[in-house]
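A quick write-up on the structure given underneath.
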Number of protein chains: 2
Amino acid sequence: MKQTTIKDIARKMGVSVSTVSRALSGHPDISEETRKRIEALARELDYHPNTLAKSLQQKQSQVIGVVVPQVKHYFFASIMSGVTDVAYQAGFTVMICQSNEDFEREKSNIDVLLSHRVAGLLISVSVTTKSCEHFNRLKQRGVPLVFFDRVCGEVDAPTVVVDDYDGAFRAGEYLVRKGYRRFGHLGGPEFLSICRLRFEGFRDAVSRLGCPLRDEWVIRGGLNEEDGVDSMSRLLKQGGERPDAVFCVTDPVAMGALVRLKQEGIAVPDRMAVMGFTDNPMADLIEPPLTTVRQPAYEIGRTAAELLIERISNRSGDAHPVHKILKTELIIRKSA
Amino acid sequence: MKQTTIKDIARKMGVSVSTVSRALSGHPDISEETRKRIEALARELDYHPNTLAKSLQQKQSQVIGVVVPQVKHYFFASIMSGVTDVAYQAGFTVMICQSNEDFEREKSNIDVLLSHRVAGLLISVSVTTKSCEHFNRLKQRGVPLVFFDRVCGEVDAPTVVVDDYDGAFRAGEYLVRKGYRRFGHLGGPEFLSICRLRFEGFRDAVSRLGCPLRDEWVIRGGLNEEDGVDSMSRLLKQGGERPDAVFCVTDPVAMGALVRLKQEGIAVPDRMAVMGFTDNPMADLIEPPLTTVRQPAYEIGRTAAELLIERISNRSGDAHPVHKILKTELIIRKSA
DNA sequence: TTGAAAGCGCTAACAG
DNA sequence: CTGTTAGCGCTTTCAA
């Protein structure tokens, strides 16, 4: 696989490599004619500049690294879509790694990306990540860094999140206004800020309105559908009185809960209302359609990428980090 | 952002760069003791090898480039997940681009990836791609290349697909066996092999069993949910007799069709049965749960990545290209 | 307007 | 076992 280089072009044209380099990068000091001829020859030889060499030389690449827990989840996939679009427009490419929710793999992903000398990093932390020193090392190294969705509070870096607390709060208000009184919550690991904030927002709303959340109806599990099935099972197993409404930390969890309730023949929303968080595209296709809080996933991706690219370009690494908080939207359907 | 290099380590240790290079890459000719000391110092200085320099030197990188139409679709996201996992295990990273179903962008994505000197390319072609010369140029260049899902028949490269014809055929058989007799099809652009094969498989099955597909009930549109809504609208607008069962080219299209039927108050499956293709996770959560043909998306991603990496490693580029055909599975639920 | 030369960080002969 | 050296493809002073 012999690749055409600038040198090949130079030789064939009888000029020096610097002339070719300049011609191809639009340097003003090159005569119109030489440039035309060089461009033509480059096309003819199917020349593609070697970005590796260029990056090595300039000590900076046009690649942004992304670390997400799982690409296949709709939420992250949409974010990736936003990141990829913004990157493309700005002349960047994206290198993607998934941590599969594993701390060690997250660290090793970052190492790999660093070795590729990415210009900056976009990170959403794994559920199993309990320490932030690997992130702080990045800061020290001066690598531009933006967290999105699952952020790490101990690290002084820009973040892009939705207003989880507010979204959950409004979910709580809505349920109380709808007449529900006995609330449960299917939550995620408290270490994750999104889980903590959604829990707190909901808890504060319902307790402020006189219907405090009962501890035994707060179930903590994972963030996916199977976890929802599981958490709902644990809730039902308690026997005795049941909540008349549960707020779930994510849509997949809510859908899992719905599956479990259907198995038990418990009517939704009549005997138990269910609310989710995210607004997956399937949310309005299931039965009953899911009442939820919409997060603008694609926008999160765009915003995070924009922020990162801005930091890369301005080298504004020392400026006070921005924290973007995107608005959520209450989507009322049938399940609550 | 000053990065530690092999040279810094060499200077601090009072040895030559080659010694450091060898120590760090596990060369046998280095004494155990020197290696230990070098490794320790490297860690202390937070050294990360510069992959760019290495790739430039070796004239080959450990990056695989992926071009997909849209990352946010569950099917592609799952594939990406498989690709990313296999790549990680084999010491590769993945660079991802999305064509957004646009031909020009697809070409430019490939150029970018080529400039980054990716070791190989994984491609699923966009719906608007009507020519394959850009792929053939890749072949000439000797870039290892594997197509997945949406392949390009005119290019002599390995492919990973599911047995679309067979899956669709069995869908047709199933519907006939179930007692349906008047069949329609909501399909995609014929240029895409997946669309053509699914159409042909279904058509052959039902006609062989004595219930030929009627031309006016074959609607061609896009592949997403909104396209499904649209295609079903066009079908219903015809008035007169209606099919009692439609087979849709993808799950999203089927779900769109379902939405439209619900709006019209047409009961599924009683007045019209609907079948999809893919088995999205939401397929069994909607009402009625969707009968469909499952494609092993994650496996497609894994297989394609494995094939590509094998080709990269063996440089078996000239060998006869393999065509992997993964099996589909009929998933019977309520919608048909 | 063009060329010569150095160097980005790394590996790999070749030589000791 | 370790050092010297050349060179991967490119940009960029400095000089002509």
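Letters A, B, ... are given to chains in the order of the sequence lines, protein chains preceding strands, and every chain is numbered from 1.
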Without decimals, in angstroms, what is the distance between [X] [atom1] and [N] [atom2]?
| X | N | atom1 | atom2 | value |
| --- | --- | --- | --- | --- |
| B/Ile38 | D/dC1 | CD1 | P | 13 Å |
| A/Arg35 | C/dT1 | CZ | P | 10 Å |
| B/Leu24 | D/dT2 | CG | P | 14 Å |
| B/Glu32 | D/dT2 | CD | P | 11 Å |
| A/Glu33 | C/dT2 | CD | C1' | 14 Å |

Quiz item: Can you give one letter per nucleotide of nucleotides 9-16 of chain C, 5' to 3': B if a protein heavy atom sits under 4.0 Å from the base, S if only from the sugar-phosphate, - if neither?
Solution: BBBBB---
Quiz item: Looking across every strand, which nucleic acid part, if any, lies under 4.0 Å from B/Thr34 by heavy atom: base, sugar-phosphate, or nothing?
Solution: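 Sugar-phosphate only.
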Quiz item: Taking all atoms of both residues into account, what is the closest heavy-atom pair of B/Gln295 and B/Phe75, and its distance?
Solution: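 Taking B/Gln295 first and B/Phe75 second, the nearest heavy atoms are NE2-CE1, 3.5 Å.
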Quiz item: How far apart are the closest heavy atoms of A/Leu308 and A/Leu145, and which atoms are they?
Solution: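 Heavy atoms only, the tightest pair is CD1-N, 3.9 Å.
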Practice problem: With rounding to the nearest 0.5 Å, note down the distance linking CZ in B/Phe76 to CD1 in B/Ile96. | Solution: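 Between atom CZ of B/Phe76 and atom CD1 of B/Ile96 there are 10.5 Å.
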Quiz prompt | Lys/Arg-Asp/Glu bridge criterion (N-O < 4.0 Å) met for A/Glu101, A/Arg150 | solution =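 A salt bridge links A/Glu101 with A/Arg150.
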Quiz item: Hey, is B/Asp85 close enough to A/Arg105 for a salt bridge, meaning N to O under 4.0 Å?
Solution: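 Counted as a salt bridge, because a side-chain N and a carboxylate O are separated by less than 4.0 Å.
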Quiz item: Between B/Ser16 and D/dT4, does any side-chain N or O lie under 4.0 Å from OP1 or OP2?
Solution: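 Looking at the OP1 and OP2 atoms of D/dT4, neither is under 4.0 Å from any side-chain N or O of B/Ser16.
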Self-check item: Lys NZ or Arg CZ of B/Lys130 over B/Phe191 ring: under 6.0 Å, within 45°
Solution: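 Satisfied, under 6.0 Å and within 45°.
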